[in-house]
There are 2 protein chains.
Amino acid sequence: MNLDENIIADIRQFNRFYTNILGLLDKHVLNTGYSFTEARVILEIGFLEQCIANHLVEKLDIDRSYMSRIIAKLSNDSLIIKENSALDSRTSLIRLTPKGTALFNQLNEKSDEQIVRLLQGLSQKEIKDLHTSMLTIQKKLEKAEGIE
Amino acid sequence: MNLDENIIADIRQFNRFYTNILGLLDKHVLNTGYSFTEARVILEIGFLEQCIANHLVEKLDIDRSYMSRIIAKLSNDSLIIKENSALDSRTSLIRLTPKGTALFNQLNEKSDEQIVRLLQGLSQKEIKDLHTSMLTIQKKLEKAEGIE
DNA sequence: TCCATTTAGTGGACTATGTCAACTTTTTTA
DNA sequence: TAAAAAAGTTGACATAGTCCACTAAATGGA
């Protein structure tokens, strides 16, 4: 494949850089009383509207038992409800309660504000370039996924 | 600033996507006996060749006390050595031992292999686009940093 | 059909990771 | 030069995540 050494170095540099960016963003999801991982779970349930635990396990790459506990906690806090599945009685259908939806919205707002803050100081043109670049990366790497 | 809602949504989508990519990559830094965070520290020391703990704290955004323990562990494992600083006797100059350098090289190789694996299946043109996009993102967001 | 396998989920017991506050020593600054 | 700030350490914790064994239901052949 003859991959240029410098390209690999740049990609790794980008990964370190973006790890920091995401780390900074994560820090500020806080003050909701829920951790970053819990927030990811709530967001994913919210986006899907309905799902089963195993989907969350696979999509978010979180250990089964850990997910079980997260769901138990969220359920206990009345953010989600579990309903028996008619199709597969090993599973429960999970969705947000109104309280959960409120938190979902709050998390979304906070996340949006963070992005706005992250972009402040950039021109429309720069934002457009950034956006295009992100779409490009996602498109290429979705094809790849060749990590395993 | 009139930021398009869709752009924000796409950026957030990208962030979720890239969180997963980085998570997958991180998992595989393992089998060295050191955690992701420890690996970050070793890599940073290796790149700098010499530094003080406080630099690592700020650069990697890790708590002081936690860093103190990480450094103690790495020192205990003879991966790094601490040398008294003549300029500021509160601090120590940290650098890799030969053993630490060996691990540094190993981590670098593993990381490079991961990137190669990540990119497998992409054409030269696609890799070039990916690379350009990453440089663009980094350049724009380095300017920004507007999170606090 | 039935039984071996796989899949979804749970819970105990644990380790690893990260945080907070208090403290020492040294440096900086007003 | 006294007060404040900075670098680092330590104890005591809290949070996050992992591993394993287990149950119950679903699935896939012979």
Side-chain angles (χ1 to χ4, degrees), chain A residues 19-20 22-42 44-45 48 50-77 80-95, chain B residues 19-20 22-42 44-45 48 50-77 80-95:
Chain A
T19 295
N20 285 336
L22 292 172
L24 286 173
L25 292 176
D26 296 353
K27 287 253 165 69
H28 294 262
V29 171
L30 298 182
N31 312 325
T32 59
Y34 291 92
S35 72
F36 174 56
T37 301
E38 287 162 346
R40 282 175 82 203
V41 172
I42 292 163
E44 185 66 21
I45 297 169
L48 291 173
Q50 189 170 73
C51 65
I52 65 167
N54 197 50
H55 168 90
L56 299 169
V57 163
E58 289 181 352
K59 181 71 184 289
L60 304 178
D61 196 30
I62 292 171
D63 178 82
R64 267 173 198 297
S65 63
Y66 189 26
M67 183 61 74
S68 176
R69 281 175 245 258
I70 290 172
I71 287 171
K73 179 182 173 186
L74 298 181
S75 178
N76 204 55
D77 292 358
I80 61 176
I81 53 162
K82 294 166 72 174
E83 188 184 332
N84 286 339
S85 164
L87 276 90
D88 184 342
S89 54
R90 291 171 305 180
T91 66
S92 303
L93 300 176
I94 298 165
R95 55 200 165 74
Chain B
T19 295
N20 286 334
L22 292 172
L24 287 173
L25 293 176
D26 295 353
K27 287 252 164 71
H28 294 261
V29 171
L30 299 183
N31 312 324
T32 58
Y34 291 91
S35 72
F36 175 56
T37 302
E38 287 162 346
R40 285 175 80 204
V41 172
I42 292 163
E44 185 66 21
I45 297 170
L48 290 173
Q50 188 171 75
C51 64
I52 65 168
N54 197 50
H55 169 90
L56 299 169
V57 163
E58 288 180 354
K59 181 72 182 289
L60 304 178
D61 196 28
I62 292 172
D63 179 83
R64 265 171 200 296
S65 63
Y66 189 26
M67 182 62 73
S68 175
R69 280 176 246 258
I70 290 173
I71 287 171
K73 179 182 173 186
L74 299 181
S75 178
N76 205 54
D77 292 358
I80 61 177
I81 52 162
K82 294 166 73 175
E83 188 183 334
N84 287 338
S85 166
L87 276 90
D88 185 340
S89 54
R90 291 171 305 180
T91 67
S92 303
L93 299 176
I94 297 166
R95 55 198 165 76

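Side chains included, hydrogens not; waters and symmetry mates left out as well; all remaining heavy atoms used. The sequence lines fix the lettering, A, B, ..., with proteins before strands; numbering per chain opens at 1. Every value quoted in this text rests on a predicted model; they were computed, and no experiment measured them.
Summarising the geometry, the separation between OH on B/Tyr66 and C1' on D/dG11 is reported as 17 Å, rounded to the nearest angstrom. The CG atom of B/Asn84 sits 15 Å away from the C1' atom of D/dT9 (whole-angstrom rounding). In this structure, CG of B/Leu93 is placed 14 Å from C1' of D/dG8, rounded to the nearest angstrom. When rounded to the nearest whole Å, the span between CG of A/Asn54 and P of C/dA8 equals 4 Å. As a whole-Å value, the separation of B/Glu38 CD from C/dG18 C1' is 12 Å. Computed from coordinates, the B/Ile71 CD1 to D/dT10 C1' distance equals 15 Å when rounded to whole Å. When the P atom of C/dG9 is taken as reference, atom NZ of A/Lys73 falls 20 Å away, rounded to whole Å. Rounded to whole Å, the distance from CZ on A/Arg64 to C1' on C/dT6 is 11 Å.
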How does each nucleotide of nucleotides 21-27 of chain C score, in 5' to 3' order, for protein heavy atoms under 4.0 Å: base (B), sugar-phosphate only (S), or none (-)? B---BBS
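Within 4.0 Å of A/Ile52, counting heavy atoms only, lie sugar-phosphate atoms of the nucleic acid but no base atom.
At a threshold of 4.5 Å between non-hydrogen side-chain atoms, the residues B/Ile42 and B/Leu74 count as touching. Contact of the B/Leu48 side chain with the B/His55 side chain is registered, since non-hydrogen atoms from C-beta on lie closer than 4.5 Å.
Closest non-hydrogen pair, B/Val41 versus B/Ile62, comes out as CG2-CD1, 4.3 Å. Minimum heavy-atom separation, B/Leu60 to B/Arg40: O-NH2, 3.4 Å. Across all their heavy atoms, A/Lys82 and A/Ile94 have their closest contact at CG-CG1, 4.2 Å.
From one end of the helix from C/dT1-D/dA30 to C/dA30-D/dT1 to the other, with five pairs defining each end axis, the axis direction shifts by 40° (rounded to 10°).
Not counting sequence neighbours, B/Ser68 has no partner by the side chain to side chain contact (heavy atoms under 4.5 Å, CB included) test.
Between D/dT9 and B/Lys82, a contact under 4.0 Å exists linking OP1 or OP2 to a side-chain N or O. Residue B/Ser92 places no side-chain N or O under 4.0 Å from the OP1 or OP2 atom of D/dA7.
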Step by step, work out the side chain to side chain contact (heavy atoms under 4.5 Å, CB included) result for A/Tyr34 and A/Lys73. CA-CA 10 Å; A/Tyr34 291 92; A/Lys73 179 182 173 186; 4.1 Å; yes
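Proximity of a side-chain donor or acceptor of A/Glu38 to a complementary backbone N or O of A/Ser35 within less than 3.5 Å is detected.
Counted by atom type alone, B/Asn54 and B/Arg90 present zero donor-acceptor pairs between their side chains at under 3.5 Å.
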